[in-house]
Amino acid sequence: MTGSNMQNSIRVRFAPSPTGKLHLGSARTALFNWLFARGQDGTLILRIEDTDPERSKRSLEDSILDDLRWLGLDWDEGPDTCGAHGPYRQRERAETYRVHSQRLLGEGKAYPCYCTLEELEEKKRQAMAAGRTPIYDGTCRRLSEEERRGRELQGLKPAIRFRVPDHEIFFEDLLHGSMRFSPDVIGDFIIVRSDGSAGFNFSVVVDDATMGISHVIRGEDHLTNTARHVLLFEALGYAVPLYLHHSLLLGPDGSKMSKRHGATAVPDYREMGYLPQTLINYLALLSWSPPAEKEVLDKDELLRLFDIGDLSPSPAVFDKAKLDWLNSKHLHMAPLSELVRAAGRFAPEWSDNPHFPLMVESVLDNLVTLSDLPRYLAPFGPAEVPTEQVAHWVRSESGRAVVEKAIDILENRDLGGLEDAKQIIAEIKRDFMEKGLKAREVLMPVRVALTGKDKGPPLPYLLVVLGLEESISRLREL
RNA sequence: GCCCCCAUCGUCUAGAGGCCUAGGAUAUCGCCCUUUCAAGGCGGUGACGCGGAUUCGAAUUCCGCUGGGGGCACCA
């Protein structure tokens with residue numbers, strides 16, 4: 001990834017965890033960060049939050065990077081680059097976390113906690129039952145040195161908890177304004193697990209601090225976590241970054257979009273035949289609207305118009321119908337060559353045909369996604385036996401006459417390209433329309449004779465792709 | 001349960017006290033165009049959650065309620 005050379009102090013990050021494929025909601029977060037960074041000449045950092053050894057998979061990291069590239073969201077520093085603030089995988093940053101946690105321990109801002117998982121579970125259950133906020137009760141907070149030694153001798157491996165100070169927490173959110181949290185609702189939280197690995201809240205803060213992150217742009221599900229983060233920044237003596245929590249992406253039922261809403265991963269949409277520019281455009285339209293009323297935008301236009309401060313604070317429901325509409329728009333905007341390249345895998349049985357670009361062009365108006373291709377391209381295949389409903393077109397007297405005439409014209413003409421074909425069709429049409437037939441009474445018999453169907457691409461395309469010989473032979477077969 | 005966020009057509013949104021008998025997009029319905037299917041053009045249906053307060057005047061400000069969402073892990 002090549003980055004901007006005109007970097008200033010604006011540094012933002014996108015920090016996916018490789019526990020699943022790139023989610024649409026994550027992609028939207030990535031897009032907001034990207035638009036902000038690229039629009040401000042800032043630096044975009046890609047950080048892999050793989051601290052959960054159970055669920056993190058390297059193959060998923062690869063697929064996330066792959067999907068980000070497919071979307072055209074590039075980064076300046078990340079696991080695949082050599083940046084000054086690396087490494088960019090949290091699992092490779094253990095030493096940094098260790099140093100920082102030791103510091104907090106040494107300063108008494110954190111303490112070892114020997115409570116077992118079972119004990120904690122029970123405490124939580126009791127708190128819930130009693131109607132209290134299920135936060136840590138502070139059992140290990142005031143353990144004496146002796147008590148600690150005692151537990152160590154028992155062979156207990158402590159986790160490290162942050163000692164939440166007894167003062168209110170304030171921070172500004174760029175979208176939500178002033179936020180205030182009481183320390184009573186927070187409770188000492190784990191910063192290092194008993195296996196020695198850093199917890200999420202801790203590694204995020206240490207990384208944001210040591211990577212020089214200036215703006216943290218993330219989903220609103222992190223809004224309450226931010227209170228903890230601010231506390232950690234302060235305890236560590238680092239400057240608190242600016243925060244912006246954007247709205248969440250919702251499923252049709254109004255809850256946070258998740259697997260049970262169906263396809264939620266970027267690669268799912270890729271496979272369904274949506275274009276990357278569609279996804280980018282659509283994701284940007286959720287919680288944001290362009291100042292002019294033009295909604296179909298490419299990445300350059302987005303970059304020019306988008307202002308992260310204009311984001312709406314209220315959540316947005318993902319609407320596939322509008323995504324479909326947008327995709328058909330982008331299908332029309334994309335250069336044919338690009339489309340043909342992307343279309344190949346959706347219509348492998350056709351992609352080697354020298355007329356493939358023409359075929360794609362002929363059905364463009366019908367497509368919602370590229371996966372619709374085979375269905376609409378079918379008329380280019382072997383002719384079908386006409387069903388009863390369509391057979392009448394070629395059985396009628398005028399229908400037969402039209403077909404005869406078409407054969408006659410085709411036998412005496414060259415068929416070089418689309419223009420020739422258009423002329424041929426026009427000629428057939430002209431002849432019979434002068435005799436009082438309607439256009440459809442002329443062209444439907446030809447269509448049915450050629451394909452056996454009453455639906456399909458414009459006739460000139462059919463002629464060119466089928467070729468003169470094949471066209472004539474199909475007309476004759478009738 | 002506690003804490004936090006949010007609240008305009010089904011959906012995405014415009015609207016920062018009078019320009020709003022609330023605008024656009026999508027979806028939906030109808031008409032036109034059309035060799036088919038589409039695409040396109042035109043038009044219709046459709047929303048300020050409720051209650052107070054402030055004000056000459058509130059979708060727009062304030063409070064309460066209701067509703068929805070998120071968080072409260074040795075997940076991220």
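Predicted model only: the values in this text are computed from it and were never measured. Chain identifiers are assigned alphabetically (A, B, ...) following the order of the sequence lines, protein sequences preceding nucleic acid strands; residue numbering begins at 1 within each chain.
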(request) Could you tell me whether the side chains of A/Glu220 and A/Ser247 share a donor-acceptor contact shorter than 3.5 Å? (result) no
(request) Scan every strand shown for a Watson-Crick or G-U wobble partner of B/U55, both distances under 3.5 Å, and answer none if you come up empty. (result) none
(message) Using a 4.0 Å heavy-atom cut-off to protein, can you give one letter per nucleotide of nucleotides 62-69 of chain B, 5' to 3': B if the base is in contact, S if only the sugar-phosphate is, - if neither?
(response) -------S
(request) Sugar-phosphate means primed atoms, P, OP1 and OP2; the rest is base. With that split, encode nucleotides 29-40 of chain B 5' to 3' as B, S or - using protein heavy atoms under 4.0 Å. (result) ------BBBBSS
(request) Provide, to the nearest angstrom, the distance between the CG atom belonging to A/Asp310 and the P atom belonging to B/U13. (result) 13 Å
(request) Please report the shortest heavy-atom distance between A/Pro445 and A/Arg440, naming the atom on each side. (result) CD-O, 3.8 Å
(request) Kindly state each residue pair satisfying ring pair (Phe, Tyr, Trp, His ring centres under 6.0 Å) with at least one member in residues 308-333 of chain A, sequence neighbours excluded. (result) A/Tyr269-A/Phe318, A/Tyr282-A/Phe318
(request) Can you tell me, in whole Å, how much space there is between the C1' of B/G41 and that of B/C33? (result) 8 Å
(message) Can you confirm whether A/Met179 sits close enough to A/Glu172 that some side-chain heavy atom of one is under 4.5 Å from a side-chain heavy atom of the other?
(response) no
(message) If I pick the C1' atom on B/G49 and the same atom on B/C6, what distance separates them, to the nearest angstrom?
(response) 13 Å
(request) Report yes or no: do A/Arg218 and A/Thr226 form a side-chain donor-acceptor pair below 3.5 Å? (result) yes
(request) Consider the side chain of A/Asp319, meaning its heavy atoms from C-beta on, and name the nucleotide among B/U11, B/C75, B/C5 that approaches it most closely. (result) B/U11
(request) Between B/C12, B/A76, B/A14, spot the one nearest the side chain of A/Arg193, thanks. (result) B/A76
(request) Sticking with atom P, work out how far B/A47 lies from B/C4, rounded to a whole angstrom. (result) 34 Å
(message) From CZ of A/Arg228 over to P of B/C72, roughly how many Å is that when rounded to an integer?
(response) 7 Å
(message) It should be established whether A/Ser287 places a side-chain nitrogen or oxygen under 4.0 Å from OP1 or OP2 of nucleotide B/U13.
(response) yes
(message) What's the gap between B/U60 and B/C19 when it is taken at their C1' atoms, as a whole Å value?
(response) 14 Å
(message) Please name the nucleotide paired to B/C37 by Watson-Crick or G-U wobble geometry with both distances under 3.5 Å, or report none.
(response) none
(request) With sequence neighbours left out, write down each residue that passes salt bridge (Lys or Arg N to Asp or Glu O under 4.0 Å) with A/Lys299, or none if nothing qualifies. (result) none
(message) What's the gap between B/G51 and B/A14 when it is taken at their C1' atoms, as a whole Å value?
(response) 27 Å
(request) Quick one: look up who B/C2 pairs with, Watson-Crick or G-U, both distances under 3.5 Å, and put none if it's unpaired. (result) B/G71
(message) Give me the distance, rounded to whole Å, that separates B/A22 from B/U45 when you measure between the P atoms they each carry.
(response) 11 Å
(message) Please confirm whether the shortest side-chain N or O distance from A/His176 to OP1 or OP2 of B/C6 is below 4.0 Å.
(response) yes
(request) Could you please name the partner base of B/U26, counting Watson-Crick and G-U wobble pairs only when both distances are under 3.5 Å? (result) B/G10
(message) Can you check the distance between B/C48 and B/C20, where both ends of the measurement are the C1' atom (answer in whole Å)?
(response) 10 Å
(message) My understanding is that a pair needs two contacts under 3.5 Å, Watson-Crick or G-U wobble. By that rule, which nucleotide pairs with B/C65?
(response) B/G49
(request) Find the distance A/Leu311:CG to B/A14:P and express it as a whole number of Å. (result) 10 Å
(request) Could you state the atom-to-atom distance from CG of A/Leu24 to C1' of B/C12 in whole Å? (result) 15 Å
(message) Parallel, tilted or perpendicular, judged at 30° and 60°: which one describes the rings of A/Phe380 and A/Trp350?
(response) perpendicular
(message) Using atom P in both nucleotides, what's the gap between B/C50 and B/A59 to the nearest angstrom?
(response) 11 Å
(message) Once ring-ring contact (aromatic ring centres under 6.0 Å, His included) is applied, do any residues pair with A/Phe200, and if so which ones, sequence neighbours excluded?
(response) A/His222
(request) Answer yes or no on whether A/Arg228 is positioned over the face of A/Phe162, meaning its NZ or CZ is under 6.0 Å from the six-membered ring centre and within 45° of the axis. (result) no
(message) I want to verify a distance call: between B/C3, B/C12, B/C75, whose nearest atom is closest to the A/Lys322 side chain?
(response) B/C12
(request) Round to a whole Å and report the spacing from CG of A/Asp221 to C1' of B/G71. (result) 9 Å
(request) Classify the angle between the aromatic ring planes of A/Phe181 and A/Phe171 as parallel (below 30°), tilted (30 to 60°) or perpendicular (above 60°). (result) parallel
(message) What I want to check is whether the side chains of A/Gln126 and A/Glu121 have a donor and an acceptor closer together than 3.5 Å.
(response) no
(message) Could you tell me how far apart A/Leu286 (CG) and B/U13 (C1') are, to the nearest whole angstrom?
(response) 10 Å
(message) With a cut-off of less than 4.0 Å, is there a side-chain N or O of A/Arg161 near OP1 or OP2 of B/C74?
(response) yes
(request) Please state how far atom NZ in A/Lys157 lies from atom P in B/C74, giving the value in whole angstrom units. (result) 19 Å
(request) Using the side-chain hydrogen bond (donor to acceptor under 3.5 Å, both in side chains) rule, collect all pairs that involve residues 399-408 of chain A, keeping only residues at least two apart or in two chains. (result) A/Lys405-A/Asp431
(request) Provide, to the nearest angstrom, the distance between the NZ atom belonging to A/Lys123 and the C1' atom belonging to B/A73. (result) 14 Å
(request) Go through B/C75, B/G70, B/C12 for me and flag the one nearest to the A/Val317 side chain. (result) B/C12
